[in-house]
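Structure record follows, encoded as structure tokens.
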Amino acid sequence: MAPLISHLPKLDPSGSLPLYVQLERALRQAIGAGVLGPDDSLPPERELAARLGVSRITVRKALDALATDGLLISRRGAGNFVAPAPHVEKQFGKLSSFSEDMRARGLVPSSEWLRRSEGVVSADEALKLGLSPGSTVYRFHRLRRADGRPMAIETATVVGSALPALDAVGDSLYQALEALGRRPVRALQRLTATLLDEEQARLLAVAPGSAGLLVERVGFGRDGRAIERTVSVYRADSFDFVAELVT
């Protein structure tokens, strides 16, 4: 209990965020920083509330939010425990969606929309997608989860001619493109090591500065034209990228 309490910042009743959100974020950071590891137990709700000077309702709401995100599991009669992180081997040479990868490994994929927008292609996007200045693109920003646990932040840019409208994409971008006969059939991918900034770390429930994997993919249709560019930032502790090499 002492190491956890000493790691948590003081909650501010006059702050802009509700106390339960402050506590949720503090516990999320503690888990990401390794103060609490997989299968470690949390102190009882009553003890947490007393030591932090908040109500049990505040503690319960914070723990419920973490459980919803797959970071905690509750065991009847034993309390709350840090959930083990799923670990995924992804074939780097196979063109598949995040959802397809997770289902293939027995995990349940889900997404949280961060934002989506229609706009004019940027200079960098135009170069990668082979578009003319002023072309329309659709941008989709999502937090990707497996079994409720945050795994990756994904930013996809799709050429305007590939979709009829921004709201044509529901839960799956590749399903929407496939329904229109425009799913990419090949792609170029680049993998780069990175360090997660504060916002990325908060979304992925790890400590700022943690190791991440940045994957940039440009997908092409049967006619050879680029359709989408996706930049994904993965938790490095949850993914291994594997490629088969042949002579």
Check whether any side-chain heavy atom of [X] sits under 4.5 Å from a side-chain heavy atom of [Y], and report yes or no.
X: Leu66; Y: Glu24; result: yes
X: Glu154; Y: Thr230; result: yes
X: Asp101; Y: Pro109; result: no
X: Val215; Y: Val231; result: no

Report whether [X] and [Y] are members of the same hydrophobic cluster (ILVMFWY, side-chain heavy atoms less than 4.5 Å apart, transitive linking).
X: Val159; Y: Leu163; result: no
X: Phe140; Y: Val137; result: no
X: Val158; Y: Leu95; result: yes
X: Leu214; Y: Leu114; result: yes
X: Ile73; Y: Met151; result: no

To the nearest 0.5 Å, what is the distance between [atom1] ([X]) and [atom2] ([Y])?
X: Ile57; Y: Leu19; atom1: CD1; atom2: CG; answer: 12.0 Å
X: Thr155; Y: His141; atom1: OG1; atom2: NE2; answer: 5.0 Å
X: Gln22; Y: Leu27; atom1: CD; atom2: CG; answer: 12.0 Å
X: Arg139; Y: Arg115; atom1: CZ; atom2: CZ; answer: 10.0 Å

Closest heavy-atom contact between [X] and [Y]?
X: Arg235; Y: Val206; answer: CZ-CG1, 3.7 Å
X: Val54; Y: Val59; answer: CG2-CG2, 3.8 Å
X: Leu173; Y: Ala156; answer: CD2-CB, 3.8 Å
X: Arg183; Y: Ser96; answer: NH2-CA, 4.2 Å
X: Phe220; Y: Ile227; answer: C-CD1, 4.2 Å
X: Pro133; Y: Val121; answer: CA-CG1, 4.5 Å

**OP:** With side chain to side chain contact (heavy atoms under 4.5 Å, CB included) as the test, would you mind laying out the steps for Glu125 and Leu131 before giving the verdict?
**Re:** CA-CA 8 Å; Glu125 291 168 339; Leu131 295 176; over 6 Å; no

Decide whether [X] and [Y] meet the rule of one side-chain donor and one side-chain acceptor closer than 3.5 Å.
X: Asp12; Y: Ser14; result: yes
X: Tyr174; Y: Glu228; result: yes
X: Ser55; Y: Thr58; result: yes

Subject >> Candidate pair Leu42 and Val82, rule side chain to side chain contact (heavy atoms under 4.5 Å, CB included), full reasoning >> reply: CA-CA 8 Å; Leu42 269 71; Val82 178; 4.0 Å; yes

Subject >> Worked check of side chain to side chain contact (heavy atoms under 4.5 Å, CB included) between Leu72 and Leu63 >> reply: CA-CA 7 Å; Leu72 296 181; Leu63 297 183; 3.7 Å; yes

Subject >> Full working for side chain to side chain contact (heavy atoms under 4.5 Å, CB included) between Leu143 and Leu204 >> reply: CA-CA 8 Å; Leu143 176 63; Leu204 294 175; 4.0 Å; yes

[X] side chain vs [Y] backbone, donor-acceptor pair below 3.5 Å:
X: Glu100; Y: Ser97; value: yes
X: Ser132; Y: Ser135; value: no
X: Arg182; Y: Ser161; value: yes

Using a 6.0 Å cut-off, check whether atom [atom1] of [X] has over 12 heavy atoms from anything other than its own residue.
X: Arg225; atom1: CZ; value: no
X: Arg116; atom1: CZ; value: yes
X: Asp197; atom1: CG; value: yes

Original post:
In terms of side-chain geometry, is the basic nitrogen of Arg202 or Glu199 positioned less than 4.0 Å from the acidic oxygen of its partner?
Top reply: yes

**OP:** Sort out for me which residue in Arg190, Arg229, Gln189 forms a side-chain hydrogen bond (donor to acceptor under 3.5 Å, both in side chains) with Glu216.
**Re:** Arg229

**OP:** Have a look at Arg144 and tell me which of Ser99, Ser232, Ser110 forms a side-chain hydrogen bond (donor to acceptor under 3.5 Å, both in side chains) with it.
**Re:** Ser99

Original post:
Parallel, tilted or perpendicular: which describes the rings of Tyr234 and Phe239, with under 30° parallel and over 60° perpendicular?
Top reply: perpendicular

Original post:
Hey, which of Leu203, Ile153, Val233 is the one that makes side-chain contact (heavy atoms from CB on, under 4.5 Å) with Leu196?
Top reply: Val233

Subject >> salt bridge (Lys or Arg N to Asp or Glu O under 4.0 Å) between Arg142 and Glu112, worked out >> reply: CA-CA 6 Å; Arg142 291 177 290 178; Glu112 175 186 335; over 6 Å; no

